[in-house]
Amino acid sequence: MENLSKIVKKLSDKEYEHLLEEVVGNKRNKPFLVLEYIRKETFDEEILFQRLDINQNAYYTLKSRLLDKVAVVLSHKPINTIKEKVANVSVSIFHEDKTLTIKFLKDLEKELLEYDLSNELIVVYKALARHYIYEPEEYDKYDLLYNKHVAYSLAMEKAEDLLLKFIREVGNYRLTREKEDFEKILRIRREMYNITEMFSSHRLFVLNNIISIYFQCIFITNIEELKAKEMEIEGILKEIESIFDKYHLDAFYQHRRPLIDFMFVQYYYSIGSIARGNVYYKSLKERLPDVIGKHSYTFYIIMLLRAKLEKYYLDKNLDDLKDLNDLLEEDFEIDDIEVFHRVRYSIFKAYVSFFEEDYDGVEEAIKDIKGSLPHRQYLQGCLECQVFLCLIYSLTGKEDKCKKAMASLERQIDMDDPENRNVYLLIKFLKHITKHGDYERRLKVSREYLAEYYKANVGANQVLRFINIDEEMILKLAAIGSKKAHK
């Protein structure tokens, strides 16, 4: 009954009146009293039980029947009722009373405008234009609206495609780091913005800002710059949330509802506001079992896993980092052709294994993607995997494997290229810290290489973003070199 209370309280007045009429008619009976109570007061089953003045068995029977009836009514949502009306519009010109038909069409227009249903408005405007064929001014007015909404409908189709293309190109760029691929992302963002500026539409507002918020969280690497946008981004997300609340029976928004929590978590964890992000993560975690198996959410789940790594980097809470692992293993599936999603999921698992000091698990996760990743096409994706292997082979003293991994890196990329300086310095650090020689001298030179690596390891070409090579790890690596010296 508490779930029913939440649903009923969210209904608009018009939707609630529709529900009352369908469920209880004009009778002020016990189902009516139940609906009125849960609509207008804080739900308390004990109080409701007393107000109805019935025995416990009768109460549970009433509750069961009411839930069933409400479910049936809500499954035939008002928005679907509106769409059903549109199905008869094309034959409205053959109706007997032109005045009543026009009134019906104009009333329907108002409902469709509220829900921003462009495809249905096209049908209504064409019908209105035909009804006014002998009144040129009215005909031109509705014919113009018809053409405008045809254009808007095409723009909506384009906008939904642009969101999908944005997701595809982000993944492609993250694997290639090619400037041409980044230009594609910028073009998509510009085109989405231009479409949104052409039409006053809450749907376009939502789609445009999904792209905008993820673009900023992914590509603004300066945390202070991203933090400075907090009021702006929070305001946008609150506005999106209010749109979703207002049109909660609209399938367009129903299926996207969890994205609000996804984006809040993404942003707050990205700027290091862990406490605020946790509020939305708690809500999101309740929704995840319903969406984790849906193909359309793959990108957002992958980005959530990266956000969780951002959080771990700050709070070092390994239990929180792993809390979705069982659910992921059971229900999360990625198409083979979605290379970026597969790579990032495997790298997430590699990081988790690394933090657990399960270095065999890291190797297994990296090898899982290396074999199926086209090296030349996705150089950056391969690069990160190879660097990860170099680090764990160094930590575990697997000298031969480490040499092969480093040689492979040196073949794949130009170490003299300034864009690869971070990788060059990391390899120099690993080679120097693990070689045999004077212990103090090795530590001094190695720390200098490491300091330079951290200066260079910024921006789009950053590697091993979530691994902090601290003093404990430095000494562990140095001990590997000392062991070699004693062999």
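Being a predicted model, the structure only gives us computed values, none of them experimental.
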Begin from the C-alpha positions of Y253 and K246 and carry the test side-chain contact (heavy atoms from CB on, under 4.5 Å) through to its verdict. CA-CA 10 Å; Y253 294 126; K246 184 175 181 180; over 6 Å; no
Does a salt bridge link [X] with [Y], judged by any charged N lying under 4.0 Å from a carboxylate O?
X    : Y    : answer
K322 : E356 : yes
E471 : K476 : no
E338 : R168 : no
K455 : E452 : yes
R174 : E169 : no
E36  : K40  : yes
E440 : K444 : no
D315 : K311 : yes

Whether the side chain of [X] engages the backbone of [Y] through a donor-acceptor N/O pair (distance < 3.5 Å, no angle test) should be reported.
X    : Y    : value
S446 : L443 : no
T298 : H295 : yes
D323 : D319 : no
N422 : Y454 : no
N420 : D414 : yes
N209 : S212 : no
R442 : A478 : yes
S408 : K404 : no
D335 : I337 : no

Output the distance between atom [atom1] ([X]) and atom [atom2] ([Y]), rounded to the nearest 0.5 Å.
X    : Y    : atom1 : atom2 : value
I211 : N208 : CD1   : CG    : 6.5 Å
L226 : S270 : CG    : OG    : 6.0 Å
Q216 : I218 : CD    : CD1   : 11.0 Å
L175 : L383 : CG    : CG    : 11.5 Å
I185 : E180 : CD1   : CD    : 12.0 Å

Can you confirm if the aromatic rings of [Y] and [X] lie within a centre distance of less than 6.0 Å?
X    : Y    : value
Y359 : Y393 : no
H341 : F332 : no
F429 : Y453 : no
Y214 : F299 : yes
F340 : Y378 : no

Heavy-atom side-chain proximity of [X] to [Y] below 4.5 angstrom:
X    : Y    : answer
L305 : L328 : yes
D417 : Y424 : no
I292 : Y297 : no
F262 : Y280 : no
E448 : H432 : no
Q462 : T221 : no
F355 : L309 : yes
F388 : V463 : no

Would you say that more than 12 heavy atoms from the other residues, nucleotides or ligands in this model lie under 6.0 Å from the [atom1] of [X], or not?
X    : atom1 : value
F252 : CZ    : yes
E197 : CD    : yes
D470 : CG    : yes
R421 : CZ    : no

For a salt bridge (Lys or Arg N to Asp or Glu O under 4.0 Å) check, start with the C-alpha distance between K367 and E363, then their side-chain angles and the critical distance, and finish with the verdict. CA-CA 6 Å; K367 285 187 173 180; E363 189 172 358; 3.1 Å; yes
How far apart are the C-alpha atoms of R465 and E310, what are their side-chain angles, what is the distance that settles it, and do they pass the side-chain contact (heavy atoms from CB on, under 4.5 Å) test? CA-CA 9 Å; R465 160 75 180 87; E310 295 280 4; 2.7 Å; yes
Between G277 and V265, what is the shortest heavy-atom contact and its length? O-CG2, 3.8 Å
Salt bridge (Lys or Arg N to Asp or Glu O under 4.0 Å) involving R177 - partner list, sequence neighbours excluded: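 By the salt bridge (Lys or Arg N to Asp or Glu O under 4.0 Å) rule, R177 matches no residue at all.
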Can you list everything that forms a salt bridge (Lys or Arg N to Asp or Glu O under 4.0 Å) with K227? Sequence neighbours excluded, please.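 K227 satisfies salt bridge (Lys or Arg N to Asp or Glu O under 4.0 Å) with E224 only.
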Find out whether the Lys NZ or Arg CZ of [X] is both under 6.0 angstrom from the six-membered ring centre of [Y] and within 45° of the ring's axis.
X    : Y    : value
R257 : F244 : no
K184 : F182 : no
K308 : Y312 : no

Measure up the F264 and Y268 rings against each other and bin them: parallel (under 30°), tilted (30 to 60°), perpendicular (over 60°).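 Aromatic pair F264/Y268 classed parallel.
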Given E410, which of K403, K431, K428 fulfils the salt bridge (charged side-chain N to carboxylate O under 4.0 Å, His left out) condition? K431
Salt bridge (charged side-chain N to carboxylate O under 4.0 Å, His left out) partner of E160, chosen from R256, R203, K165: R256
What do the steps show when you test I480 against L395 for side-chain contact (heavy atoms from CB on, under 4.5 Å), and what is the final call? CA-CA 7 Å; I480 299 290; L395 282 166; over 6 Å; no
Begin with the C-alpha distance, continue with both residues' side-chain angles, and end with the deciding distance and a verdict on side-chain contact (heavy atoms from CB on, under 4.5 Å) for L430 and L477. CA-CA 8 Å; L430 291 174; L477 288 163; 4.1 Å; yes
Once ring pair (Phe, Tyr, Trp, His ring centres under 6.0 Å) is applied, do any residues pair with F466, and if so which ones, sequence neighbours excluded? Y351
Yes or no on side chain to side chain donor-acceptor pair (under 3.5 Å) for D261 and Y300, after CA distance, side-chain angles and deciding distance? CA-CA 11 Å; D261 289 333; Y300 305 109; over 6 Å; no
Is the closest side-chain donor-acceptor distance between N278 and Y269 under 3.5 Å? yes
Salt bridge (Lys or Arg N to Asp or Glu O under 4.0 Å) between E234 and K229, worked out: CA-CA 8 Å; E234 188 176 280; K229 296 176 175 287; over 6 Å; no
